[in-house]
There are 2 protein chains.
Amino acid sequence: MAESAEDPFDNWTVQARKGVLELCILNALERQERYGYELVKTLGALPGLGVTEGTIYPLLSRLRAQGLVTTRLEQSVEGPMRKYYALTPTGRASVGPMNGYISDLLSACREIRRRPSSHDHLDPLR
Amino acid sequence: MAESAEDPFDNWTVQARKGVLELCILNALERQERYGYELVKTLGALPGLGVTEGTIYPLLSRLRAQGLVTTRLEQSVEGPMRKYYALTPTGRASVGPMNGYISDLLSACREIRRRPSSHDHLDPLR
DNA sequence: GTCTGGTACCTTGCATAACAAGGTACTGAT
DNA sequence: ATCAGTACCTTGTTATGCAAGGTACCAGAC
């Protein structure tokens with residue numbers, strides 16, 4: 001035990017993926033439907049996004065429960081049935097605002113670096 | 001009770017902040033030290049980042065525990081003591097990679113939209 | 001026949017983080 | 001004395017990513 005304190009950077013990247021990953025999937029579905037395993041392989045291959053089935057499948061279920069995607073089963077000639085995911089109108093309407101939110105967040109994150117001080121605190125003693 | 005299912009978008013933004021918020025603080029400290037309450041007010045005022053004390057203070061403690069920041073107490077002429085936070089060398093060395101990681105993540109997130117299919121699956125029946 | 005490996009789906013349990021709500025304490029004005 | 005503003009901190013809830021494990025289908029090797 002006591003192997004909890006991993007590399008702080010690795011630990012941070014896990015948190016940084018939250019939310020972004022969901023957006024990745026919605027973006028991936030914007031132009032075409034895709035099946036789960038395809039998303040696992042596609043997203044897992046992206047550098048910095050070493051994502052696995054244990055992450056993707058629960059996320060897809062959540063998106064369906066929220067009404068952002070619909071699913072459709074289809075036979076495959078080379079294996080089990082595939083479950084294709086496609087955006088609903090609600091899902092399609094969400095992608096834009098979500099991309100905008102993340103962009104704004106990052107802009108603010110960068111801009112804050114060059115902000116001297118919000119309320120210009122009277123310089124503290126001396 | 002049973003007020004669990006809030007607005008999915010609001011819920012998502014909470015998750016999207018994870019990690020980014022930590023980076024915001026490190027960026028804010030890159031050019032100058034700041035005290036906790038100042039960060040609460042500065043970050044809380046940013047649009048889309050309605051962040052409060054319950055979020056910032058635990059985060060700052062975590063950063064100190066990880067050795068990314070140091071603290072220094074200082075008397076204030078108008079209230080209780082202020083705890084100033086400053087980057088350590090380790091912290092300073094982390095800011096660049098973290099900004100890079102987030103940028104790459106977002107780039108991948110956008111690029112995935114125009115990717116036809118990763119392994120060009122033989123078109124399924126018909 | 002039965003193994004092995006690839007495809008394809010799903011669930012459980014753990015660690016981590018944001019946030020609301022609440023708590024403490026110092027200062028100056030009404 | 002009471003209130004508001006400054007300034008710090010903690011606890012409990014909820015939501016997420018992910019490793020690990022499980023099921024099932026198919027094709028080719030043995």
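It should be emphasised that the depicted structure is a prediction, and the values quoted were computed from it without experimental measurement. Below, read A as the first sequence line, B as the second, and so on, with proteins coming before strands; counting in each chain starts at 1.
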Could you tell me the separation between the CD atom of A/E74 and the P atom of C/dC9, rounded to a whole number of Å? 11 Å
Round to a whole Å and report the spacing from CD of A/E78 to P of C/dC9. 12 Å
Chi angles and distances behind the side-chain hydrogen bond (donor to acceptor under 3.5 Å, both in side chains) call for B/R64, B/T71: CA-CA 8 Å; B/R64 186 171 57 158; B/T71 57; 3.2 Å; yes
A/G19 or B/L60: which one's nearest nucleotide on DNA chain D is closer to the 5' end? B/L60
Assign each of A/P80 and A/R64 to its nearest nucleotide of DNA chain C by heavy atoms, then name whichever residue's nucleotide is nearer the 5' end. A/P80
Earlier contact from the 5' end, DNA chain C, for A/Y57 and A/W12: A/Y57
Would you mind classifying the nucleic acid contact of A/K18 as base, sugar-phosphate or nothing, using non-hydrogen atoms under 4.0 angstrom? base
Grab the CG-C1' distance between A/L43 and D/dC18 for me, whole Å please. 15 Å
Respond yes when some side-chain nitrogen or oxygen of A/T52 is under 4.0 Å from OP1 or OP2 of D/dC18, and no when none is. no
Can a side chain N or O of B/R62 be found less than 4.0 Å away from OP1 or OP2 on C/dA17? yes
Assess the residue pair B/Y101 and A/R17 against the criterion (side-chain hydrogen bond (donor to acceptor under 3.5 Å, both in side chains)); give the C-alpha distance rounded to whole Å, side-chain angles, the decisive distance to 0.1 Å, and a yes or no. CA-CA 10 Å; B/Y101 181 83; A/R17 281 191 263 278; 2.5 Å; yes
Using whole Å, report how far CG of A/L59 lies from P of C/dC9. 15 Å
Taking only side-chain N and O atoms of B/T55, does any of them lie within less than 4.0 angstrom of OP1 or OP2 on C/dA18? no
Counting only side-chain nitrogens and oxygens, does A/S76 get under 4.0 Å of the OP1 or OP2 atom of C/dA8? yes
Between A/E22 and A/G79, which residue's closest nucleotide on DNA chain D lies nearer the 5′ terminus? A/E22
Return no unless some side-chain N or O of A/K83 is found under 4.0 Å from OP1 or OP2 of C/dC10. yes
Closer than 3.5 angstrom, by distance alone: can the side chain of B/S76 be matched with the main-chain N or O of B/R82 as a donor-acceptor pair? no
Need one value for A/V51: base, sugar-phosphate or nothing, where a base atom within 4.0 Å counts as base even if backbone is also close, heavy atoms only. sugar-phosphate
Which of D/dA7, C/dC9, D/dA15 is nearest the side chain of A/Y37? It is C/dC9
Closest non-hydrogen atom pair, B/L29 against B/V69: CD1-CG1, 3.9 Å
I'd like to know if B/E53 reaches the base of D/dC8 with its side chain such that a donor and an acceptor end up less than 3.5 angstrom apart. yes
Basic-acidic side-chain contact under 4.0 Å: B/E74, B/R72: yes
If you look at every strand shown and take non-hydrogen atoms under 4.0 Å, does A/G54 touch a base, only sugar-phosphate, or nothing? base
Considering only heavy side-chain atoms of A/R17, the closest of D/dA7, D/dC18, C/dA18 is D/dC18
Looking only at the side chains, is there a donor atom on one of B/Y57 and B/R62 sitting less than 3.5 Å from an acceptor on the other? no
Starting at CD1 of A/I56 and ending at P of C/dT7, how long is that distance when rounded to a whole Å? 16 Å
Picking from C/dC19, C/dT11, D/dT16, which would you name as closest to the side chain of A/P58? C/dT11
